[in-house]
Amino acid sequence: MDWYLKASDKSLEAQTAIGYLYFRGQGVPQDYYKAMDYFMAAAKMGDSQAQAAAGHMYEHGFGVPMDYQKAMEWYQRAVSRGNACAEDAIGGLYLKGKGVPKDDAKAAIWFMKAAHRNDPLGQLHLAEMQLTGKGITKDLKQAKIWCEKAAKQDLQAAQELLKTIQ
């Protein structure tokens with residue numbers, strides 16, 4: 001933690017890392033408010049990981065009031081900087097209709113973007129949609145391929161799903 005604090009004056013990545021330490025309660029007491037302070041400081045300076053984290057905090061109401069519109073705004077900022085995790089998160093907002101009209105086809109498009117950037121959750125979510133044909137053409141072969149890619153990145157849920165489609 002001391003190293004991160006020393007580096008945080010000069011490093012957006014260090015600010016984001018401190019945010020995650022407070023978010024998870026690793027080496028410090030868990031504190032969503034402090035986590036959000038660090039995420040926002042880095043996010044406002046353009047760190048895409050911090051922007052995605054800020055979106056997550058707003059989506060789930062960690063340290064801030066739950067606000068799907070602000071979540072979407074921060075996710076979109078992260079996406080504009082190439083953050084695949086934020087693409088997956090936007091897909092989730094469309095899938096669940098959080099702050100946007102529920103739209104399975106748009107969710108599938110966002111999951112596909114994340115999957116093509118090698119995001120394991122995006123790969124898993126795309127595979128799940130392809131298995132059911134929800135929002136996208138049902139394609140068991142392609143679903144298995146995406147699920148395998150996510151499983152190779154040690155995503156437990158993908159490994160479990162893969163057992164059911166082998």
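We're numbering straight along the sequence, starting at 1.
Listed for the Gln123 side chain is no donor-acceptor partner under 3.5 Å among the backbone atoms of Cys147. Panel note: side chain Glu59, backbone Ala71; no donor-acceptor pair is recorded below 3.5 Å. A donor-acceptor contact shorter than 3.5 Å links the side chain of Arg117 to the backbone of Gly82. At distances below 3.5 Å, not a single donor-acceptor pair connects side-chain atoms of Arg77 with backbone N or O atoms of Ser48. For the pair Gln15 (side chain) and Ala42 (backbone), a donor-acceptor distance under 3.5 Å is present. Side chain of Gln153 to main chain of Asn118: a donor-acceptor pair is present (N/O by atom type, distance under 3.5 Å, no hydrogens or angles).
Side chains of Glu73 and Gln69: no donor on one and acceptor on the other come within 3.5 Å.
Clustering ILVMFWY residues whenever any of their side-chain heavy atoms sit less than 4.5 angstrom apart, transitively, puts Leu131 in a cluster other than the one holding Leu95. In terms of hydrophobic clustering, with Ile, Leu, Val, Met, Phe, Trp and Tyr side chains grouped at heavy-atom distances under 4.5 Å, Val79 and Met72 are assigned to a common cluster. No continuous path of hydrophobic side-chain contacts links Leu121 to Leu93 [ILVMFWY only; heavy atoms under 4.5 Å].
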Residue pair Ile136, Leu126: steps toward the side-chain contact (heavy atoms from CB on, under 4.5 Å) verdict:
CA-CA 9 Å; Ile136 194 169; Leu126 180 59; 3.7 Å; yes

Apply the test side-chain contact (heavy atoms from CB on, under 4.5 Å) to residues Glu148 and Leu162: give CA-CA distance (whole Å), side-chain angles for both, the deciding distance (0.1 Å), then the verdict.
CA-CA 7 Å; Glu148 287 171 342; Leu162 194 54; 3.7 Å; yes

Might you work through the salt bridge (Lys or Arg N to Asp or Glu O under 4.0 Å) test for Asp104 and Lys102, ending with a clear yes or no?
CA-CA 7 Å; Asp104 293 342; Lys102 184 174 174 9; 3.0 Å; yes

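When side chains are defined from C-beta on, Gln130 does not count as touching Leu140, because their heavy atoms never get closer than 4.5 Å. Between Gln51 and Asn83 there is no side-chain heavy-atom pair separated by less than 4.5 Å. In this structure, Lys141 and Lys144 have side chains that are not in contact, with every pair of non-hydrogen atoms separated by 4.5 Å or more. You'll find the side chain of Tyr75 stays beyond 4.5 Å of the side chain of Lys70, heavy atoms only.
The CD1 atom of Ile145 lies 10.0 Å from the CD1 atom of Ile165; values are rounded to the nearest 0.5 Å. Lys44 contributes atom NZ, which lies 13.5 Å from atom CG of Leu12 (distance to the nearest 0.5 angstrom). Atom CG in Leu124 sits 10.5 Å away from atom CD in Gln159 (nearest 0.5 Å).
Under a 4.5 Å side-chain heavy-atom criterion applied to ILVMFWY residues, the cluster that includes Phe39 comprises Tyr20, Phe23, Tyr32, Met36, Met40, Met57, Tyr58, Phe62, Val64, Trp74 as well.
Nearest heavy-atom pair, Ala78 versus Ala86, reported as atom, atom and distance to 0.1 Å: CB-CB, 3.6 Å. Nearest heavy atoms, Ala143 versus Ala127: O-CB, 3.3 Å. Of all heavy-atom pairs spanning Ala150 and Ala158, the tightest one is CB-CB, 3.6 Å. Taking all atoms of both residues into account, the shortest heavy-atom contact from Ala84 to Ala114 is O-CB, 3.4 Å.
In summary, of the residues considered (Trp110, Tyr94, Phe111), a ring pair (Phe, Tyr, Trp, His ring centres under 6.0 Å) with His125 occurs for Phe111 alone.
Counting non-hydrogen atoms of other residues, nucleotides and ligands closer than 6.0 Å to NZ of Lys98 gives a total above 12.
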